[in-house]
**Student:** 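Below is a structure I'd like to ask you about.
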Amino acid sequence: MALLEVDSISKSFGGVAAVKDFSMVQGREEISGIIGPNGAGKTTAFNLITGVQPLDSGRIFFDGTEITSLPSHCITRLGIARTFQNIRLFHNLNVLENLMMAGGTRLSYSTWEEMFRLPRVVSQEKRLEKIARSYLSYFHLEKYSMQRPDSLPYGLQRRLELARALMLEPSLLLLDEPAAGLNPREIHNLIELIYKIKEEKRLSIIIVEHHMELVMNICSKIHVLDFGLKIAEGKPEEIKKNPEVLQAYLGEEV
Amino acid sequence: MNLNIFFQQLINGISLGGVYALMAVGFGIIFNVLKFSNFSHGGVVAICAYLGYFLATRVAGSLWITLLATTLLGGVVGVLVEKLVFRPIRIKGRPLTYFFVNSITVAMLVQQFFSALWGYDYYPYPEFIKKTALHIGRLVVSKTYLMMLFISALVLLGLTLFLRKTKQGIAIRAASSDIWTPSLMGINTDFIISITFFIAGVLAGITGYFLGMTYTVTPFIGSFILKGIIAAIVGGMGSLTGGGIAGVLLGVVESLLIAELGAAVTPIVIYAGIIILLLVRPQGIAGKLYTIKA
């Protein structure tokens, strides 16, 4: 059974179609990519899937549950996590707090219990901190735990955002231009990192990306958007040869 | 000014400043999360001043019980204002100007409501503390002021701990830096906003009660919020600590100037000073510059 099923979703802003009749099926432990020129509707597609913006029409199913009109926090709790094109870390919390906040759904105590610091509050808090610290060391960020995210170099902020997304224990991870602003060596490391977390956490990943090498390298399936419409879908080799794609998008580059 | 009067006014100023600090924090916490200037806070303060008066004169005679009840009811009023006035426009994604206009409207609505209902009469709170003055050496300190100071400090300390340590507190801080992303961390933003308005309402409850005790209740009691807003801006929008400190400072400066220059000249000096301060340091004492304002 497919993990994510997007059934002809549409969204327009002020009469302009940002995404039009977009459909896709994403399997478990699969890495796929969504590519397309600027303004093709890639990020909008992510926003629709994660419930950030309401759909105009269409339906979305995740893990057998319809999530079409669920609020974002419910969709997240079902197991969809994401990162952002322009990094969205909480700059008034430190690095450790950023991670612990994303793990808040694992805590089952109420605010009243918390005020009296009952034993189960303390023990759950400790366990959450332990998990957060294990992610920090997984991403080699331990020594920054008490720093503010905006004091970190850009590449580390991207890693921190990835760590924070994994704190949610997702089964589907949406990466919005993870290579933006990274240098070639960092991109190479990122590709290895994405492979590694996919294998170890048994994740399904969808990547929105401009960087062709990254997408062609790690995605088993690629969807091509142009002006909100899907113009092609297939394996990287097929996409590379598709005349429509070449014309719409890769034309000048290949 | 002799030393005696100086210390006397200093203590009075700190306790009055404590109330300003409560207002500054109540005003500031909403600004931090939703980024609009919430003038309806003054309306909630006024409602609570009347509520406290009603409870203290008609229901129970105890200071502590009526103060606690007013405080909790203030929280409820805060949540109701959010749900009735601000949530509908937030869900529709209206610009900040709508929030700003709605908040002023609520403040005026409350003022006119009480004017129409009970006229412009003054309603004094009962005298809870019979032996009102405490003699420390040659200083005469009002017990009411000491109690206000103690409670304000306690409440602000408790709020600080809540924001630093609890998961909801951390979520409020996260939402202050980015209202959009917490929901993608599995956090129910609507709930967090309700909690924020509850906290602001609790602070308004204490403020309303203290102002009622100090000045007697009139429909215009909510306009004291201006002092809290000034403290929040001088302290720096975005920094609750800055707002709290500026509130205390404002109270002290005001009390000292009143003793030295009189009650008529003092506001002129203070307001002029604030305009100059914000020219020199527009971000306030501890805040950062905001480009979005409403």
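Here is how names work: the chains are called A, B, and so on, in the same order as the sequence lines, proteins then strands, and each is numbered from 1.
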**Student:** Between the side chain of A/R88 and the main-chain N/O of B/T181, is any donor-acceptor distance below 3.5 Å?
**Tutor:** no
**Student:** What's the spacing between A/R106 CZ and B/K167 NZ if we round to 0.5 Å?
**Tutor:** 13.0 Å
**Student:** Heavy-atom cut-off 4.5 Å, strictly under: side chain, backbone, both or neither for A/T105 against chain B?
**Tutor:** side chain
**Student:** Counting heavy-atom pairs closer than 4.5 Å to chain B, which one of A/R164, A/R82, A/M100 comes out on top?
**Tutor:** A/R164
**Student:** Between B/I170 and A/F90, is there a side-chain heavy-atom distance shorter than 4.5 Å?
**Tutor:** no
**Student:** Determine whether more than 12 heavy atoms belonging to other residues, nucleotides or ligands lie under 6.0 Å from atom CZ of B/F150.
**Tutor:** no
**Student:** Just so I know, are the side chains of B/P182 and A/H73 near enough to count as touching, which here means a heavy-atom distance under 4.5 Å?
**Tutor:** no
**Student:** Taking everything shown except B/R164 itself, do over 12 heavy atoms lie less than 6.0 Å from its CZ?
**Tutor:** no
**Student:** Between A/M101 and B/I187, is any pair of side-chain heavy atoms under 4.5 Å apart?
**Tutor:** yes
**Student:** Do A/E97 and B/R173 make a side-chain contact, defined as non-hydrogen atoms from C-beta onward lying under 4.5 Å apart?
**Tutor:** yes
**Student:** Measuring from B/S176:OG to A/H91:NE2, what's the distance to the nearest 0.5 Å?
**Tutor:** 14.0 Å
**Student:** Measure A/Y109 against the heavy atoms of chain B and call it side chain, backbone, both or neither at under 4.5 Å.
**Tutor:** both
**Student:** Indicate the atoms forming the closest heavy-atom contact of A/T76 with B/M185, along with that distance.
**Tutor:** CG2-C, 4.0 Å
**Student:** For A/K20, does the NZ atom sit with more than 12 other heavy atoms under 6.0 Å from it, leaving out its own atoms?
**Tutor:** no
**Student:** Which atom names give the shortest non-hydrogen contact between B/A174 and A/N92, and what distance separates them?
**Tutor:** CA-OD1, 4.3 Å
**Student:** Considering all heavy atoms of both residues, which atom of A/L168 and which atom of B/G186 are nearest to each other, and what is their separation?
**Tutor:** CD2-N, 4.4 Å
